[in-house]
Amino acid sequence: ALDATSAFSSSDLLQISQKSATKACERDLASIRSAILTTGHPLVLMEATGLLNTITPVTLLKQLCLSNRKDLATRWKTRLVQYAILLQSAQLATRMLRFLRDKRMHLLNLEAQSKREWDPLKHPDWILVEIDANISIRQHQADMAVEMIRPPEEQNSIMQLNMGEGKSSLPTPPQHSRE
């Protein structure tokens, strides 16, 4: 666990992590742009004629929305989910740095202990929720969302949602993103 006595080294590590994650996002965005512009995709013509301002993180992430995802090739879905994971990692590093600077150690420790165990390829809407809301979906929240989406034995069920476990932001958004 992180504490105030390790703040100097933790701050340095978090700043390095944030810068590294941000650079990785920038490199990945450039790589995706390059791949799109060399594929003969209709966006190439739009880019050449100036009708397309730029290929931005938002325009790329919109391709992962349910309405667009059904027409997305598997390799592109995988590539865009990987990019989304990088973006969320950069957000996480920024959030942790802010918690450290604000001396909100309980939130910093919660984020530091958080580990994604759900698969963003199976739940691309969830990674979009994480990015949009600037949050991390904890494993027990993901488990609860899965139970709400697919109740045991397809029967009605009752669930206890405990105080302080993220009810305000989750699991409602992920469960509404069911396919």
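Because the structure is predicted, anything quoted here is derived from the model rather than measured.
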- Are L61 and V81 connected in the hydrophobic side-chain network, where two residues link if heavy atoms are under 4.5 Å apart? yes
- hydrophobic_cluster_shared for W126 and L86, side chain cutoff 4.5 Å: no
Nearest 0.5 Å, what's the [atom1]-[atom2] distance between [X] and [Y]?
{"X": "I85", "Y": "L80", "atom1": "CD1", "atom2": "CG", "value": "11.0 Å"}
{"X": "E130", "Y": "L128", "atom1": "CD", "atom2": "CG", "value": "9.5 Å"}
{"X": "L64", "Y": "L72", "atom1": "CG", "atom2": "CG", "value": "6.5 Å"}
{"X": "K23", "Y": "R27", "atom1": "NZ", "atom2": "CZ", "value": "8.5 Å"}
{"X": "L121", "Y": "I127", "atom1": "CG", "atom2": "CD1", "value": "10.0 Å"}
{"X": "Q91", "Y": "D132", "atom1": "CD", "atom2": "CG", "value": "9.0 Å"}

- Flag side-chain contact, heavy atom, 4.5 Å: K77 against R69: yes
- Check whether any side-chain heavy atom of L108 lies under 4.5 Å from a side-chain heavy atom of M105, and answer yes or no. yes
Considering all heavy atoms, the nearest [X]-[Y] contact:
{"X": "W76", "Y": "A35", "value": "CH2-CB, 3.8 Å"}
{"X": "W118", "Y": "I137", "value": "NE1-O, 3.4 Å"}
{"X": "T56", "Y": "L29", "value": "C-CD1, 4.4 Å"}
{"X": "D125", "Y": "C65", "value": "OD1-CA, 4.4 Å"}

- Query: Hey, is the main chain of R138 close enough, under 3.5 Å, to the side chain of Q141 for a donor-acceptor pair?
  - Reply: yes
- side chain to side chain donor-acceptor pair (under 3.5 Å) between R116 and Q88: does it pass, once the steps are laid out? CA-CA 11 Å; R116 180 181 296 120; Q88 199 277 336; 3.0 Å; yes
Hey, can you pull the donor-acceptor pairs under 3.5 Å for the side chains in residues 92-100, sequence neighbours left out?
unit_1: T94; atom_1: OG1; unit_2: Q18; atom_2: NE2; d: 2.9
unit_1: T94; atom_1: OG1; unit_2: A90; atom_2: O; d: 3.0
unit_1: R95; atom_1: NE; unit_2: E111; atom_2: OE2; d: 2.7
unit_1: R95; atom_1: NH1; unit_2: N134; atom_2: O; d: 3.1
unit_1: R95; atom_1: NH1; unit_2: N134; atom_2: OD1; d: 2.6
unit_1: R95; atom_1: NH2; unit_2: E111; atom_2: OE2; d: 3.3
unit_1: R95; atom_1: NH2; unit_2: S136; atom_2: OG; d: 2.8

- Item | Residues that S31 engages under side chain to side chain donor-acceptor pair (under 3.5 Å), provided they are two or more places apart | R79
